[in-house]
Amino acid sequence: GLKIAVIGGGSSYTPEIIEGFINRHHELPVKEIHLVDIPEGMWKLEIVGALAKRMVARAGVDIEIVLTTNRRAAIEKADFVTTQFRVGGLAARAKDERIPLKYDVLGQETTGPGGFAKAMRTIPVILEICNDIEELAPNAWLINFTNPAGLITEVVQKYTNVKVIGLCNVPIGMVKMVANILEVESKRVKIDFVGLNHLVWGSKVLVDGEDVTQIVLNKLSDGAALTMKNIPDLKWDSEFLNSLGMLPCPYHRYFYMMEDMVKDQQKAIEEGGKGTRAEQVLEVEKGLFEVYKDDTLQEKPQQLEKRGGAYYSDAAVSLISAIHNNKKQLHVVNVKNNGTIIGLPKDVVIEVTAVVDKTGAHPIQVGEISPKIYGLIQGVKAFEELTVEAGVKGDYQMALQAMAVHPLVPSVTVAKKLLDDILIENKEYLPQF
Ligand code: NAD
Ligand code: G6P
Ligand code: MN
């Protein structure tokens, strides 16, 4: 049987991944799941871990659930390591969301300066985890869910020998939402994806092999909803959509509708407002853990749908099964570019449709991309490359360049203020600086 280590096991998303392993147990013979957390997270791990045990017992599958703070023991001889941890918790996320708003810049946990800050805190930890994997489970696959997922996957790709695939629920979420809009079963929908994590376009939408891209764009123009729980559903400009000719992802609103999104966020932090997303999630999470504590609950509760990470279980466990069973199946993943998109370096990580087998994810060739999208892709990728360097080396100059180059940061003056605020506010989590 297989051994799985889940880093950040106290996450409220854990019932998602447990459900995924239960549903696929017939094809994926998992024997042990080690849920790893840090001492501060133990109270959450105990609650969600107890639920995980009840879920497994109820399903009647023979999976042992282990709750632990011993990361090395959990990683030792693991077949798959998944990462879903958050350094600094939601308090740090709230700072990431609030700091940029002072300068009228987008305050978001993965996009813009907030994503930079989250990356700085995460990089030292992911490198430690990879050290453990290199030493104790050199053949294991790392499935990285920790945000900013594309950028963190690039750190692993560039600086370690660990076999890694990065994963986000946005592509699978878009497939499900398009299926909803078109009122067809989601297995009939196929979308070709190209771009970066949280900056991915559906270049073509097919139903039973027939191109329906324009039909979907028309529905979006008419106001059909296509978003995640964490992103306000601002409507698209129909002329823009039609001339783009591709399906934007929910996160594209932060670029294409920047002022409106910033205004929306600023309104949320006014006196009596609903607060930043982290502050809202704090409330959702309190509710979730109350529900998890109920010892008659034996399955993933519906309330988990209030989080942005819906369908995580499907995405993660079907990917793991495709590797284990050498399925040669299509998955949308974060992997090394290696010439897939012309105009980006070989060693950067992109988000793209790939064939997954036991040797990993093999991207489907994209080639040249339209000038409608390559400017934004290159701009954000330049920011990511500089951020990777800055975060690994603790290099202030590189960090300043990263911040200054980001398409959502208006000037060097603002870049410098943001950077200094971020470094001060996150001091305790930045051993590299
Ligand atoms: P969370 O705040 O609940 O954190 C999960 C757990 O990580 C907590 O129990 C915490 O104690 C633990 N943790 C913190 N530092 C740790 C460390 N050094 N080692 C081990 N565990 C540690 O977070 P969440 O909201 O459940 O999200 C978890 C992660 O998943 C975040 O990074 C988030 O951005 C990411 N996420 C990714 C996607 C995606 O599409 N890729 C979707 C949703 C969430
Ligand atoms: C989205 C994304 C994740 C993101 C999350 C936020 O769907 O794909 O990468 O971190 O959901 O959800 P939350 O409920 O934490 O705001
Ligand atoms: Mn994501």
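Heavy-atom basis, side chains included; hydrogens, waters and symmetry copies ignored. Whatever order the structure lists them in is the order used to number ligands and atoms, beginning at 1.
The nearest protein atom to atom 34 (O) of ligand 1, hydrogens excluded, is given as Asn147 ND2, 2.8 Å; this is a heavy-atom distance. The protein heavy atom nearest to atom 30 (O) of ligand 1 is Phe145 CD2, 3.7 Å. Looking at atom 8 (C) of ligand 1, its nearest protein heavy atom turns out to be Asp37 OD2, 3.5 Å. Of the protein's non-hydrogen atoms, the one nearest atom 20 (C) of ligand 1 is Ile7 CG2, 3.7 Å. Among all protein heavy atoms, the one lying closest to atom 19 (N) of ligand 1 is Ile38 CG2, 3.6 Å.
Around atom 22 (C) of ligand 1, the closest heavy atom drawn from Phe85, Tyr13, Phe289 belongs to Phe85. Distances from atom 2 (O) of ligand 1 to the heavy atoms of Arg71, Arg86, Arg93 put Arg86 nearest.
Between Thr146 and ligand 1, not a single N/O pair is under 3.5 Å apart. Below 3.5 Å of separation, one finds no N or O of Lys306 facing any N or O of ligand 2. Note: an N/O pair closer than 3.5 Å links Arg307 and ligand 2 by distance alone.
For ligand 1, the atoms lying closer than 4.0 Å to a non-hydrogen atom of Gly10 are 9 (O). Set against the non-hydrogen atoms of Val125, the atoms of ligand 1 under 4.0 Å away are 18 (N). Heavy-atom contacts of Val170 reach the following atoms of ligand 2: 8 (O) (cutoff under 4.0 Å). Residue-ligand proximity, Glu109 to ligand 1, at heavy-atom distances under 4.0 Å covers atoms 34 (O). Distances below 4.0 Å separate heavy atoms of Gly41 from the following atoms of ligand 1: 11 (O).
Here the rule is side chain to side chain contact (heavy atoms under 4.5 Å, CB included) with Tyr251, and of Val170, Leu199, Val200 only Val170 fits it.
At a 4.0 Å heavy-atom cut-off, ligand 1 touches Glu285 through the side chain alone.
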